[in-house]
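Note sheet for the following structure.
Here is the naming used below: chain letters follow the sequence lines, and residue numbers restart at 1 for every chain.
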There are 2 protein chains.
Amino acid sequence: MHSFTEENYLKAIYKLQETNGEVVATSALAQVMGVHAPSVTDMLKRMGQKKLVSYQKSKGVKLTEKGKQVAIGIVRNHRLWEVFLVEKLGYRWDEVHDIAEQLEHIQGEELINKLDAYLGFPEADPHGDPIPNAKGVLPKLKSVLLSSLKEGDQATFTGVSDHSTSFLHYLDKAGIALGDTLKVKSIEQYDQTYTLTLKGKKEVTVSLKVANSILVS
Amino acid sequence: MHSFTEENYLKAIYKLQETNGEVVATSALAQVMGVHAPSVTDMLKRMGQKKLVSYQKSKGVKLTEKGKQVAIGIVRNHRLWEVFLVEKLGYRWDEVHDIAEQLEHIQGEELINKLDAYLGFPEADPHGDPIPNAKGVLPKLKSVLLSSLKEGDQATFTGVSDHSTSFLHYLDKAGIALGDTLKVKSIEQYDQTYTLTLKGKKEVTVSLKVANSILVS
DNA sequence: TAATATATTTAGGTTCGTCTAATTTAAAAT
DNA sequence: ATTTTAAATTAGACGAACCTAAATATATTA
């Protein structure tokens with residue numbers, strides 16, 4: 001029975017707040033963490049004491065400023081370690097998540113800043129997700145969904161919104177890689193598929209689901 | 001109240017076995033870990049169940065083969081991460097211990113082997129301690145204490161037997177660094193001090209205590 | 001060998017993060 | 001507005017790693 005720390009909860013709350021709005025429900029948290037609701041209630045009480053979250057019973061939970069800073073720090077760690085794993089150790093982008101999940105909890109401000117410098121202060125991780133800087137500020141990567149493009153539009157593949165291994169594998173197999181220039185050759189209205197021209201050479205046809213998971217700018 | 005895992009105990013037992021012989025006493029373990037004896041008894045029982053140690057009450061404890069392999073793995077991780085911190089991130093040798101103490105518990109065979117390759121399969125960490133290879137074999141660095149040299153002898157500084165920050169600082173301040181060629185210019189019998197010539201230039205006088213903490217070959 | 005001193009274990013308690021089962025609170029539907 | 005359903009909390013328990021105080025076992029010394 002795998003046990004979670006405050007940091008794990010902070011990160012999960014942070015991610016839920018990003019996608020589902022300011023206030024997070026006990027059940028939502030329980031669901032994403034794979035834990036039962038009473039465990040969450042317990043933990044939230046403890047974290048409330050420590051002023052990491054503001055928690056009022058049966059009213060959901062929000063990160064305090066303090067909690068948010070910790071959460072962003074973990075996201076920063078995670079993404080920098082992912083860059084390290086891919087750039088320096090030669091991992092593929094679909095392999096690094098679990099290892100980074102461990103490395104993100106290594107403590108030490110100086111360490112992560114040195115790592116950041118060593119990696120050349122990257123702005124995005126191998127999936128195109130923005131990396132908060134040492135002050136906790138996220139660079140705004142103004143990207144849009146591939147599905148928002150029109151026929152003839154051209155853009156650079158900058159990130160994914162679906163981080164699942166299966167999707168990453170799919171992209172690899174289709175020969176679509178981060179940094180590629182994608183041109184929308186045609187959009188088939190009836191079955192909502194996109195035919196893309198890659199780097200002026202290859203052509204691939206992808207579903208709307210895929211077009212909705214690819215970020216470009 | 002800082003809490004330890006099985007891995008922490010395994011490493012501590014391993015180190016005690018190396019220096020104090022095969023069988024380790026409850027109290028010795030309690031002492032080095034900074035924990036009270038009953039906590040150790042408890043933990044040893046649990047670890048005995050899992051066949052990580054062979055434990056018979058009031059008779060001390062020994063690592064099993066399984067436990068030894070895990071312990072060596074941790075030592076390998078620790079020393080490789082130390083090399084990383086010094087070689088890649090630019091830390092000094094006296095700063096890396098605590099961070100490596102965290103990093104040594106990151107799980108994943110593949111990760112550590114990739115790191116090993118990335119670092120060029122080093123044989124020793126920044127303090128001159130041998131790094132076990134992927135099979136758990138320690139390279140034998142046949143080094144001796146500086147204090148075993150005679151007047152006129154010359155050797156290379158390959159490691160330290162005292163890893164304390166204060167000693168490492170002392171060496172830095174004295175301008176003695178790993179890899180240096182040391183020549184014993186003279187030994188003062190009465191107060192047991194060694195006057196060393198460094199790289200044919202500088203001269204330093206050190207106490208017997210220091211000469212006993214420096215490894216050369 | 002007996003007495004003392006030291007090391008170790010047992011007994012019983014705490015905190016943390018989990019669980020299930022039962023209860024209460026809040027939201028949705030009639 | 002009442003009933004029904006769903007969400008959240010409380011109650012009570014467990015395992016892991018810790019603690020203190022008391023009891024036992026081992027070693028040392030007289």
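Distance CE (B:M43) to C1' (C:dT8): 18 Å, rounded to an integer number of Å. A straight line from CE of B:M33 to P of D:dC18 spans 6 Å, rounded to a whole angstrom. As a whole-Å value, the separation of A:K59 NZ from D:dA7 C1' is 13 Å. As a whole-Å value, the separation of A:K50 NZ from C:dT15 P is 13 Å. Separating the CG atom of A:L44 from the C1' atom of C:dT18 is a distance of 14 Å, rounded to the nearest angstrom. Distance CD (A:E6) to P (C:dT15): 16 Å, rounded to an integer number of Å. Between A:H36 atom NE2 and D:dA6 atom C1' there is a gap of 17 Å when expressed in whole angstrom units. Whole-Å rounding puts the B:E7 CD to D:dA17 P distance at 12 Å.
A:S161 contributes a side-chain N or O that, together with a main-chain N or O of A:N212, makes up a donor-acceptor pair within less than 3.5 Å.
Between A:Y55 and D:dT9, a side-chain N or O to OP1/OP2 separation shorter than 4.0 Å is present. Residue B:H2 places none of its side-chain N or O atoms closer than 4.0 Å to OP1 or OP2 of D:dC18. Side-chain nitrogen and oxygen atoms of A:S3 include none within less than 4.0 Å of the OP1 or OP2 phosphate oxygen of D:dA16.
Heavy atoms of B:T41 sit under 4.0 angstrom from at least one base atom. Counting non-hydrogen atoms under 4.0 angstrom, B:S27 reaches the backbone sugars and phosphates but no base. B:S39 comes within 4.0 angstrom of a nucleotide base, judged by non-hydrogen atoms across all strands. No contact: A:V40 has no heavy atom under 4.0 Å from any strand.
In terms of polar N and O atoms assigned as donor or acceptor, the side chain of A:D42 never comes within less than 3.5 Å of the base of C:dC16 in a complementary pairing.
Side-chain proximity of A:R46 to the nucleotides C:dA26, C:dT18, C:dT20 is greatest for C:dT18. Proximity note for B:Y9 (side chain, C-beta onward) versus D:dT9, D:dC18, C:dT10: the nearest is D:dC18. For A:P38, whose side chain is taken as the heavy atoms from C-beta onward, the closest listed nucleotide among C:dT18, C:dC19, D:dC19 is C:dC19. When each of D:dT10, D:dT9, C:dT8 is scored by its nearest atom to the side-chain atoms of A:K45, the top-ranked nucleotide is D:dT10. Side chain of A:S58, nearest nucleotide from D:dA21, D:dT10, C:dA26: C:dA26.
Ranked by how close their nearest DNA chain C nucleotide is to the 5' end, A:T5 and A:K57 are led by A:T5.
Side chains of B:V216 and B:S143 form no contact here, defined as non-hydrogen atoms less than 4.5 Å apart. When side chains are defined from C-beta on, A:P139 does not count as touching A:N133, because their heavy atoms never get closer than 4.5 Å. No side-chain heavy atom of A:L215 sits under 4.5 Å from any side-chain heavy atom of A:L141.
Ionic pairing of A:R76 and A:D116 is present here: one or more N-O contacts between side-chain nitrogen and carboxylate oxygen are shorter than 4.0 angstrom.
Residues A:T165 and A:D94 have side chains that never bring a donor and an acceptor to within less than 3.5 angstrom of each other.
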